[in-house]
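This report concerns only the one structure given below.
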Amino acid sequence: MPEGPSIVILKEELQSFIGQKITQVSGNSSLDISPLKKKKILAFKSWGKHFLICFPGFTLRIHFMLFGTYRINDKKEATPRLHLKFKKGEVNFYTCSLKFLEGDLDQYYDWSADVMNDDWDPVKARRKLREQKGEMICDVLLMQDIFAGVGNIIKNEV
């Protein structure tokens with residue numbers, strides 16, 4: 001599963017698509033993705049293991065689950081969950097979960113819990129950590145409300 005650092009890399013790799021309109025949308029998602037057509041991308045953000053594509057008034061959350069992948073200006077043999085075509089380029093997301101989030105992202109996310117975010121708050125994390133009496137540190141490291149973006153790879157390194 002992609003962890004926080006991988007999602008931040010994806011966000012950086014897609015910066016050239018900010019401000020572009022989606023010219024074509026397709027994929028095998030059960031979510032109705034047709035409203036994305038002709039929408040202009042305002043920003044890419046990340047929170048933990050969530051990749052966020054921001055549009056006027058809403059955000060598309062992509063969670064890569066256990067085996068999710070993506071391709072920029074490239075395709076795999078498999079049908080993508082979400083294919084976004086632009087005037088210049090395309091992005092394909094595979095084996096992922098999609099969800100629309102309405103309104104302000106601050107109502108969904110505590111940015112201070114994301115270990116890859118500039119707003120990460122180690123003091124707040126330490127306070128939450130102390131509340132986990134009797135828990136093994138290896139389990140606490142995977143609690144996304146404390147250490148958003150940490151997964152088994154980072155846990156094992158720690």
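Computed over heavy atoms, backbone and side chain alike; hydrogens, waters and symmetry mates excluded.
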same_hphob_cluster([X], [Y]) at 4.5 Å side-chain heavy-atom cutoff:
X      : Y      : value
Trp47  : Val8   : no
Tyr70  : Leu52  : no
Leu98  : Ile72  : yes
Leu105 : Leu36  : no
Val158 : Phe147 : yes

Nearest 0.5 angstrom please: [X] [atom1] to [Y] [atom2], how far?
X     : Y     : atom1 : atom2 : value
Asn92 : Asp74 : CG    : CG    : 8.0 Å
Lys38 : Ile22 : NZ    : CD1   : 12.5 Å
Asn73 : Glu13 : CG    : CD    : 10.5 Å
Phe64 : Thr95 : CZ    : OG1   : 10.0 Å
Tyr94 : His83 : OH    : NE2   : 9.0 Å
Leu60 : Phe44 : CG    : CZ    : 10.5 Å

| query | Considering the options Phe55, Tyr108, Phe58, which one meets the ring-ring contact (aromatic ring centres under 6.0 Å, His included) requirement together with Phe100? | reply | Phe58

Closest approach of [X] to [Y] (non-hydrogen atoms, all atoms of both residues):
X      : Y      : answer
Pro2   : Gly68  : CG-O, 3.7 Å
Ile7   : Ser46  : CG2-CB, 3.4 Å
Ala113 : Lys128 : CB-NZ, 4.3 Å
Ser112 : Lys124 : OG-NZ, 3.2 Å
Trp120 : Ala125 : CZ2-CB, 4.1 Å
Leu31  : Ser29  : N-OG, 3.0 Å

| task | On the 0 to 90° scale, with breaks at 30° and 60°, tag the His50-His63 ring pair as parallel, tilted or perpendicular. | result | perpendicular

Quick check: do [X] and [Y] have side-chain heavy atoms less than 4.5 Å from each other?
X     : Y      : value
Lys75 : Pro80  : no
Gln20 : Ile41  : no
Pro5  : Ile154 : yes
Lys99 : Leu101 : yes

| message | I'd like to know if the side chain of Glu90 and the backbone of Phe86 have a donor-acceptor N/O pair within less than 3.5 Å. | response | no

| Donor-acceptor pair, side chain of Glu3 and main chain of Gly151, under 3.5 angstrom | yes

| said: If you apply the rule side chain to side chain contact (heavy atoms under 4.5 Å, CB included), what do you find for Val150 with Val115, and how did you get there? | reply: CA-CA 8 Å; Val150 172; Val115 299; 4.1 Å; yes

| message | Run the side-chain contact (heavy atoms from CB on, under 4.5 Å) test against Lys155 and tell me which residues pass, sequence neighbours left out. | response | Cys138, Leu141, Leu142, Asn152

| query | Around atom NZ of Lys37, are there more than 12 heavy atoms of other residues, nucleotides or ligands at under 6.0 Å? | reply | no

| said: Please tell me whether Trp111 and Asp106 have a donor and an acceptor in their side chains that are separated by less than 3.5 angstrom. | reply: yes

| query | Which is it for Leu129 and Ile137 under the side chain to side chain contact (heavy atoms under 4.5 Å, CB included) test, yes or no, and what are the steps along the way? | reply | CA-CA 9 Å; Leu129 186 61; Ile137 190 65; 3.8 Å; yes

| Check ion pair Asp114-Lys45 (N to O, under 4.0 angstrom) | no

| message | Evaluate Phe17 against Leu84 for side chain to side chain contact (heavy atoms under 4.5 Å, CB included), listing each step before the verdict. | response | CA-CA 10 Å; Phe17 292 105; Leu84 300 177; over 6 Å; no

| task | Any chance you could lay out the side chain to side chain contact (heavy atoms under 4.5 Å, CB included) test for Arg81 and Ile62, step after step, and finish with the verdict? | result | CA-CA 10 Å; Arg81 177 84 51 201; Ile62 300 175; over 6 Å; no

